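For reference, the structure is listed below as structure tokens.
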Amino acid sequence: MKYFKIFIIIASLFLNMSCDRSWKISELFVQKIENSSKVIYKYDAWGGRDSYIFGYTILDSTQVFDINNVESLPFQYFETIPTNKNIFGVIPEELDDQVAPKKNFFPLKIKNTDEKGIKIKTKIFQNEGFVLRNQGYKRYQFETFKESRDSIFFYNLNDVVSFEPEHLDILKFKKTNIFIRTKSSSSVSTISIEDLKLSPKDEIISNIRYDLTPKNKTDIRSFSNIGIFKQVKLPKN
């Protein structure tokens, strides 16, 4: 009986450890909402048994981000710059009721919700059609950049991936899904961009991932806080 009790205790400890779902943040980004005290966080986190979560959440700028208490926004991509009144999002979803669905490049439905007093409009697309319009991944080095209210421009870019490298004089992106990482202090290491394009009638045109690196030392504070996510430095364990 004594050894049986010891076995039960050890087994219980093992089960508790194997089912541990405490989350460890791997990346955290933040951007301000213009004319508001609120901010939006983009998080990626790993938990026990290789579980993984990611998403967006709205908090007041005075609140401390807590991965265990986030209320996720119902989309994966931003369609426009978030405002203190409206957020427009996009998400692809798997269809469970069709084995080989006909490809659809328009929203299947639109969902309206509310979060922290902000109206959220989410366009839900068929995952199969969404993936089909994915046009790959590109990497460039840029020399300079410029911002307007709703866009960002990169100049004098060199392709750093292709076997036949190309040169671009300029690349323009809407301020939507832009994430700036730093390598030390405030020095920019990489700017990742999910360049999702929809037609005026909401058809998926393309979705290209870009990673841009500066040729010269670039301070993250040179970029605005509106429409752009900036990496939050996490404390070292």
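Values in this document were obtained by computation on a predicted structure and should not be read as measured data.
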To the nearest 0.5 Å, tell me how far Ile40 CD1 sits from Thr57 OG1. 9.5 Å

Lys138 with Asp159: basic N within carboxylate O range, under 4.0 Å: no

Cation-pi check for Phe153 against Lys146: NZ or CZ below 6.0 Å from the six-membered ring centre and within 45 degrees of the axis, yes or no? yes

According to a 4.5 Å side-chain heavy-atom criterion applied to Ile, Leu, Val, Met, Phe, Trp and Tyr, with indirect links allowed, do Ile170 and Leu168 form part of one hydrophobic cluster? no

Which residue pairs pass the ring pair (Phe, Tyr, Trp, His ring centres under 6.0 Å) test with at least one member in residues 207-227, sequence neighbours excluded? Phe145-Phe223, Phe173-Tyr210

Quick one: closest heavy-atom pair of Lys103 and Gly129, and the distance? CD-N, 4.3 Å

Mind checking whether Phe29 and Phe229 have ring centres under 6.0 Å apart? no

Please give me the minimum heavy-atom distance between Glu71 and Lys116, naming the atom from each residue. OE1-NZ, 4.2 Å

Side-chain ion pair, Arg149 and Glu34, N-O less than 4.0 Å: yes

Taking every non-hydrogen atom, the tightest pair across Asn84 and Asn35: ND2-O, 3.0 Å

For Ile226, the option from Ile33, Ile81, Thr83 that meets side-chain contact (heavy atoms from CB on, under 4.5 Å): Ile81

Tyr56 vs Phe78, test: ring-ring contact (aromatic ring centres under 6.0 Å, His included). Steps then yes/no. CA-CA 10 Å; Tyr56 302 93; Phe78 288 89; 4.9 Å; yes

Is the ring centre of Phe54 less than 6.0 Å from the ring centre of Tyr52? yes

Supply the atom-to-atom distance Trp46 CH2 to Glu27 CD, rounded to the nearest 0.5 angstrom. 11.5 Å

To the nearest 0.5 Å, atom CG of Asp202 lies from atom CD1 of Ile205 at 10.0 Å

Under the criterion side-chain contact (heavy atoms from CB on, under 4.5 Å), which of Arg221, Lys230, Lys233 is the partner of Ser186? Arg221

Please find the pair of heavy atoms, one from Tyr77 and one from Pro92, that lie closest to each other, and give the distance. CE1-CD, 4.2 Å

Value for CG (Asp211) from CD (Gln141), rounded to nearest 0.5 Å, stands at 12.0 Å

Going by an N to O cut-off under 4.0 Å, is there a salt bridge joining Lys175 and Glu147? yes

Of Asn104, Leu108, Ile204, Ile91, the one forming a side-chain contact (heavy atoms from CB on, under 4.5 Å) with Phe125 is Ile204

Decide, yes or no, whether a salt bridge links Glu194 with Arg209 under the criterion of side-chain N to carboxylate O below 4.0 Å. yes

Should the pair Asp219-Lys217 be classified as a salt bridge under the 4.0 Å nitrogen-to-oxygen rule? no

Within this structure, what is the CZ-OG1 distance for the pair Phe75 and Thr122, rounded to the nearest 0.5 Å? 6.0 Å

Any idea which heavy atoms bring Val39 and Ser61 closest together, and the distance? CG1-CB, 4.1 Å

Salt bridge between Glu203 and Arg133, side-chain N to carboxylate O under 4.0 Å? yes

Can you name the nearest heavy-atom pair linking Pro82 to Ile87, along with the distance? CB-CG1, 3.8 Å

Heavy-atom count check: over 12 atoms from other residues, nucleotides or ligands less than 6.0 Å from Lys111 NZ? no

Would you call Lys174-Glu79 a salt bridge at under 4.0 Å N-O? no

Please report the interatomic distance OG(Ser192) to CG(Asn177), rounded to the nearest 0.5 Å. 11.5 Å

Could you check whether Tyr140 and Thr213, counting side-chain N and O atoms only, form a donor-acceptor pair closer than 3.5 Å? no

